[in-house]
Amino acid sequence: QVLLVESGGGLVQPGGSLRLSCAASGSIFSISVMRWYRQAPGNERELVATITSGGSTNYADSVKGRFTISRDSARNTGYLQMNNLKPEDTAVYYCNAFIHSGSSYSMYWGQGTQVTVSS
């Protein structure tokens, strides 16, 4: 089966940086689109960034200019580089991807990685 695993979260000071990774494993033919979401306690899950197989990107206004989404197709891995982090960025970050696996094309979610921005 296909599995998405996020990593790279942790505690960071305001103004600091983190790079999140989302590694897909299993019988993967291709990944057409990857997204990063985040969810803070008491809030709805929100879309942070999107990248297509062709490299087109979109960002939420709240992170534009600070976050960069990228992907390494050969490694079936996506990344979210987060710079100039703010306390309001504190959340569990989830990766999401549409993946061709065998003859199927389905959406998958990772289990999330905690990002805490605090002094």
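The structure presented is a predicted model; accordingly, all values stated were derived computationally and were not measured.
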**Student:** Yes or no on side chain to side chain contact (heavy atoms under 4.5 Å, CB included) for V2 and I28, after CA distance, side-chain angles and deciding distance?
**Tutor:** CA-CA 7 Å; V2 172; I28 298 170; 4.2 Å; yes
**Student:** To the nearest 0.5 Å, how far apart are CD1 in I51 and OG in S56?
**Tutor:** 8.5 Å
**Student:** Assigning hydrophobic clusters by single linkage (Ile, Leu, Val, Met, Phe, Trp, Tyr; side-chain heavy-atom cutoff under 4.5 Å), is V33 placed with V48?
**Tutor:** no
**Student:** In terms of heavy-atom contacts, does CD of E88 have more than 12 from other residues, nucleotides or ligands at under 6.0 Å?
**Tutor:** yes
**Student:** Who pairs with Y105 by side-chain contact (heavy atoms from CB on, under 4.5 Å), at least two apart in sequence or on another chain?
**Tutor:** S32, F98, H100
**Student:** Assigning hydrophobic clusters by single linkage (Ile, Leu, Val, Met, Phe, Trp, Tyr; side-chain heavy-atom cutoff under 4.5 Å), is V92 placed with L47?
**Tutor:** yes
**Student:** Between S104 (side chain only) and S106 (backbone N and O only), is there a donor and an acceptor less than 3.5 Å apart?
**Tutor:**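 No: the side chain of S104 does not pair with the backbone of S106.
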**Student:** For Y94 and G110, work out which heavy atoms get closest and say how close.
**Tutor:**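 So the two residues come closest at CD2-O, 3.6 Å.
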**Student:** Using a 3.5 Å distance criterion without hydrogens, assess whether the side chain of D89 forms a donor-acceptor pair with backbone atoms of K86.
**Tutor:**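 Yes, because the side chain of D89 sits within donor-acceptor range (under 3.5 Å) of the backbone of K86.
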**Student:** Would you please classify the geometry between the W109 ring and the Y37 ring as parallel, tilted or perpendicular, with 30° and 60° separating the classes?
**Tutor:** tilted
**Student:** Please confirm whether the backbone N or O of R75 pairs with a side-chain atom of T77, one donor and one acceptor, at under 3.5 Å?
**Tutor:**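 Such a contact is found between T77 side chain and R75 backbone.
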**Student:** Would you say M34 and N96 make side-chain contact, with heavy atoms under 4.5 Å?
**Tutor:**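 Counting from C-beta outward, M34 and N96 never come under 4.5 Å.
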**Student:** What is the distance from atom OG of S53 to atom CD1 of I31, rounded to the nearest 0.5 Å?
**Tutor:** 10.5 Å
**Student:** For Y93 and R38: C-alpha separation, side-chain torsions, deciding distance, then whether side chain to side chain donor-acceptor pair (under 3.5 Å) applies.
**Tutor:** CA-CA 4 Å; Y93 284 71; R38 67 186 182 187; 3.0 Å; yes
**Student:** Look up atom CD1 in I69 and atom CD in Q81, then write down how far apart they are to the nearest 0.5 Å.
**Tutor:**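 Taking CD1 in I69 and CD in Q81, the distance rounds to 12.0 Å.
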**Student:** Sequence neighbours left out, cut at 3.5 Å: what donor-acceptor pairs do the side chains of residues 3-22 make with other protein atoms?
**Tutor:**
{"unit_1": "E6", "atom_1": "OE1", "unit_2": "Q111", "atom_2": "N", "d": "3.0"}
{"unit_1": "E6", "atom_1": "OE1", "unit_2": "G112", "atom_2": "N", "d": "2.8"}
{"unit_1": "E6", "atom_1": "OE2", "unit_2": "C95", "atom_2": "N", "d": "2.8"}
{"unit_1": "E6", "atom_1": "OE2", "unit_2": "G112", "atom_2": "N", "d": "3.2"}
{"unit_1": "S17", "atom_1": "OG", "unit_2": "N83", "atom_2": "OD1", "d": "2.9"}

**Student:** For side chain to side chain contact (heavy atoms under 4.5 Å, CB included), just list the numbers for T90 and V115, CA-CA rounded to whole Å, side-chain angles, deciding distance to a tenth of an Å, and then say yes or no.
**Tutor:** CA-CA 5 Å; T90 296; V115 172; 5.9 Å; no
**Student:** Kindly indicate whether a cation-pi arrangement holds for R71 with Y79, taking the cut-offs as under 6.0 Å to the six-membered ring centre and within 45° of the axis.
**Tutor:** no
**Student:** Quick check, are the ring centers of W36 and F67 under 6.0 angstrom apart?
**Tutor:** no
**Student:** Show the nearest heavy-atom pair for residues A40 and A91, with the distance to one decimal.
**Tutor:**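 Scanning both residues, the minimum pair turns out to be N-CB, 3.8 Å.
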**Student:** Is the shortest side-chain N to carboxylate O distance from K64 to D61 below 4.0 Å?
**Tutor:** yes
